[in-house]
Q: 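I have a structure I would like to understand better, so I am pasting it below and will then ask my questions one at a time.
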Amino acid sequence: MSKYVPQAAMNAKRKSCIGWSIWNIILDFGGGFFSLVQLVGDAIDLNDLSSITGNPAKLGLSVITIFFDTIFFLQHYILYPENHSKHIKGDQELEFTV
């Protein structure tokens, strides 16, 4: 959580997602999602749904990762979409092509 809260707060304060790559978030979301899929797959394989909660650290990290990455997706693509392609340096505004 120490890496998610400050970034989400900074994005909200600046109303911009400048300074970080959405690709890191996409990969992070994939890791959290597939970790959760593995927990559910193991539970189905063992016919024991309690095995999902049997590893609370993995479950917690997966849920927290997916939650915050969803916030970042909303910030990047819905709340501040026009701001993620511009980079401001001093009085100059530089355009980046994506």
Q: With sequence neighbours left out, write down each residue that passes salt bridge (Lys or Arg N to Asp or Glu O under 4.0 Å) with Lys13, or none if nothing qualifies.
A: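 For Lys13 there are no salt bridge (Lys or Arg N to Asp or Glu O under 4.0 Å) partners, ignoring immediate neighbours.
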
Q: So which atom in Pro81 and which in Leu79 form the shortest heavy-atom distance, rounded to 0.1 Å?
A: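 Closest pair (atom of Pro81, atom of Leu79, distance): CD-C, 3.3 Å.
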
Q: Name all residues meeting the salt bridge (Lys or Arg N to Asp or Glu O under 4.0 Å) criterion together with Asp28; count only those two or more places apart in sequence or in a different chain, and write none if there are none.
A: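 Partners of Asp28 under the salt bridge (Lys or Arg N to Asp or Glu O under 4.0 Å) test: Lys3.
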
Q: Quick check for you: to the nearest 0.5 Å, what is the distance between Asp42 atom CG and Leu49 atom CG?
A: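 Taking CG in Asp42 and CG in Leu49, the distance rounds to 12.0 Å.
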
Q: Working to the nearest 0.5 angstrom, can you tell me the gap between Leu46 CG and Ile44 CD1?
A: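 Taking CG in Leu46 and CD1 in Ile44, the distance rounds to 10.5 Å.
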
Q: Donor-acceptor pairs under 3.5 Å, side chain of residues 61-70 to any protein atom, not counting sequence neighbours: which ones?
A:
residue: Ser62; atom: OG; partner: Ser35; partner atom: OG; Å: 3.1
residue: Ser62; atom: OG; partner: Lys58; partner atom: O; Å: 2.9
residue: Thr65; atom: OG1; partner: Tyr4; partner atom: OH; Å: 3.3
residue: Thr65; atom: OG1; partner: Leu61; partner atom: O; Å: 2.7
residue: Asp69; atom: OD2; partner: Phe29; partner atom: N; Å: 2.9
residue: Thr70; atom: OG1; partner: Ile66; partner atom: O; Å: 2.7

Q: In the single-linkage hydrophobic clustering (I, L, V, M, F, W, Y; side-chain heavy atoms under 4.5 Å), do Val5 and Ile71 co-cluster?
A: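 Looking at the clustering, Ile71 is in the same group as Val5.
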
Q: Measure the spacing between OH of Tyr80 and CD of Gln75 and express it to the nearest 0.5 Å.
A: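 Separation between the atoms: 5.0 Å.
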
Q: Can you tell me how far the CD atom of Gln7 sits from the CG atom of Asn11, to the nearest 0.5 Å?
A: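 CG of Asn11 is found 4.5 Å from CD of Gln7.
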
Q: Once rounded to the nearest 0.5 Å, what's the spacing between atom CD1 of Ile22 and atom OH of Tyr77?
A: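 Here the rounded value is 4.5 Å.
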
Q: Please say yes or no: joined through hydrophobic side-chain contacts below 4.5 Å, possibly via intermediate residues, are Trp20 and Met10 part of one cluster?
A: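 Hydrophobic grouping puts Trp20 apart from Met10.
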
Q: Is Phe34 linked to Ile26 within one hydrophobic cluster, defined over Ile, Leu, Val, Met, Phe, Trp and Tyr using a side-chain heavy-atom separation of less than 4.5 Å?
A: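 Per the 4.5 Å side-chain linkage, Phe34 and Ile26 are co-clustered.
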
Q: Nearest heavy-atom pair of Asn55 and Leu39: which atoms, and what distance?
A: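 The answer is CB-CD2, 4.3 Å.
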
